[in-house]
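These numbers were taken from a predicted model, which means no experiment stands behind them. Just so it is clear, the values below take in all heavy atoms, side chains as well, and ignore hydrogens, waters and symmetry mates. First the proteins, then the strands, lettered A, B, ... as listed; each starts at 1.
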There are 2 protein chains.
Amino acid sequence: MNPAIQNRLKDLRSARDWTQEYLADAVGVSRQSIISIERGRYVPSLPLALLLARVFQCPVEAIFALEESE
Amino acid sequence: MNPAIQNRLKDLRSARDWTQEYLADAVGVSRQSIISIERGRYVPSLPLALLLARVFQCPVEAIFALEESE
DNA sequence: GATTCACGTAAAGCCTGCTTTACATGAAAG
DNA sequence: CTTTCATGTAAAGCAGGCTTTACGTGAATC
């Protein structure tokens, strides 16, 4: 029960010219959390993923995707 | 960093006449995990939420929603 | 060349998602 | 009435998400 996850967080953030700190504040987590997610160190919780989808105004699936194991 | 989450898992599952065990197998977790999520004891991980969305063929947001604190 | 800004690493600690095992219950079915 | 099936509870243990604190780095700016 730990399928890998891809994410487009860094792309979406820099497309909007947001700093990591700004994004962290926007969703209410630490800057460390944003860094760790962007760098793929860990996968966010579902509540955080939903918050990120909200601030980016897109579906969760547009940010996070299951890595297909083929 | 722990906004509450609502979920429609039980509704979606029984609408398809699936047992908890069938669903658990379909997404590769234990039956306990399904029970606990349905009963609101805990919020699933993002990977599990994505798997559930996949088997239900719907967006994550159609199953899980941030509870609005108004 | 000192300061600032955005980004990055490291490590310790708490909380909780998920597992496994074991047992309980009501409804259906023989 | 016993068996089976779907659902539920309880508890212990591990893994990992997230926090806080502290420090390192290159680029820009003065």
Side-chain angles (χ1 to χ4, degrees):
Chain A
M1 173 49 230
N2 251 333
I5 294 276
Q6 300 177 349
N7 82 74
R8 308 202 310 117
L9 200 56
K10 184 164 193 167
D11 289 344
L12 290 167
R13 177 179 62 81
S14 44
R16 284 163 176 77
D17 275 312
W18 291 349
T19 67
Q20 294 173 333
E21 193 168 14
Y22 174 86
L23 178 56
D25 288 347
V27 296
V29 298
S30 69
R31 189 171 63 93
Q32 277 318 303
S33 295
I34 300 298
I35 292 178
S36 296
I37 295 165
E38 283 190 359
R39 311 237 92 213
R41 272 198 251 283
Y42 63 68
V43 172
S45 67
L46 176 57
L48 179 47
L50 288 168
L51 284 167
L52 288 166
R54 168 184 288 177
V55 304
F56 284 123
Q57 301 191 76
C58 69
V60 168
E61 283 89 345
I63 314 180
F64 303 97
L66 290 166
E67 255 171 31
E68 302 308 332
S69 47
E70 40 199 311
Chain B
M1 173 50 231
N2 251 334
I5 294 275
Q6 300 176 349
N7 82 74
R8 308 203 306 118
L9 200 57
K10 183 164 194 168
D11 289 344
L12 290 168
R13 178 179 62 80
S14 43
R16 284 163 176 78
D17 275 313
W18 292 349
T19 67
Q20 292 173 335
E21 192 168 14
Y22 175 85
L23 178 56
D25 289 347
V27 296
V29 298
S30 69
R31 189 171 61 94
Q32 276 320 301
S33 295
I34 301 299
I35 292 178
S36 296
I37 295 164
E38 283 191 358
R39 313 236 92 214
R41 273 198 251 282
Y42 63 68
V43 171
S45 67
L46 176 57
L48 179 47
L50 288 168
L51 284 167
L52 289 166
R54 169 184 288 177
V55 305
F56 284 123
Q57 301 190 77
C58 68
V60 168
E61 283 89 346
I63 314 180
F64 302 98
L66 291 165
E67 255 171 31
E68 301 308 330
S69 47
E70 41 197 311

### Query
Within the structure, does a side-chain N or O atom of B/Arg39 lie under 4.0 Å from either OP1 or OP2 of D/dA10?
no
### Summary
B/Ile35 CD1 to D/dG8 C1', in whole Å, measures 6 Å
### Message
Return the OG to CG distance between B/Ser14 and B/Leu23, rounded to the nearest 0.5 Å.
### Response
11.0 Å
#### Entry: d(OH, B/Tyr42; C1', D/dA11) in whole Å
14 Å
### Query
Which nucleotide in the set D/dT19, C/dT19, C/dC18 lies at the smallest distance from any side-chain heavy atom of B/Gln32?
C/dT19
### Task
Grab the CG-C1' distance between A/Leu9 and C/dC7 for me, whole Å please.
14 Å
### Query
A/Arg31 near the nucleic acid: base, sugar-phosphate alone, or nothing, with a heavy-atom cut-off under 4.0 Å?
base
### Length of the line joining B/Leu46:CG and C/dT16:P, which is rounded to integer Å
18 Å
### Task
Measure across A/Leu9 and A/Asn7 and return the closest heavy-atom pair with its distance rounded to 0.1 Å.
N-OD1, 2.8 Å
### Task
Rounded off to whole Å, could you give me the CG-to-C1' distance for the A/Leu52 and D/dG17 pair?
13 Å
### Query
Is the CZ atom of A/Arg16 crowded by more than 12 outside heavy atoms at less than 6.0 Å?
yes
#### Entry: N or O in side chain of B/Ser45 less than 4.0 angstrom from D/dG16 OP1/OP2
no
### Query
Within this structure, what is the CD-to-C1' distance between A/Glu21 and D/dT20, rounded to whole angstrom?
14 Å
### Task
May I ask you to evaluate whether A/Ser33 reaches the phosphate of D/dC18, defined as a side-chain N or O under 4.0 Å from OP1 or OP2?
no
### Residue B/Lys10, side-chain atoms from C-beta onward, closest of C/dC7, D/dG8, D/dT19
D/dG8
### Query
What's the verdict on side-chain hydrogen bond (donor to acceptor under 3.5 Å, both in side chains) for A/Ser30 and A/Ser33, showing C-alpha distance, side-chain angles and the deciding distance?
CA-CA 5 Å; A/Ser30 69; A/Ser33 295; 3.2 Å; yes
### Query
How is A/Thr19 classified with respect to the nucleic acid when contacts are heavy atoms under 4.0 Å: base, sugar-phosphate, or nothing?
sugar-phosphate
### Message
Rounded to whole Å, please give me the gap between CD in B/Glu38 and P in D/dA6.
### Response
14 Å
### Summary
Between A/Ala49 and A/Val60 the two heavy atoms that sit nearest each other are O-CG2, 4.1 Å
### Interatomic distance, A/Ile34 CD1 vs D/dC18 P [rounded to whole Å]
9 Å
## Note on the structure
Closest to the side chain of A/Asn2, out of D/dC18, C/dG8, D/dG16, is D/dG16
### Task
Would you tell me if any nitrogen or oxygen in the side chain of B/Gln20 comes within less than 4.0 Å of OP1 or OP2 on D/dG8?
yes
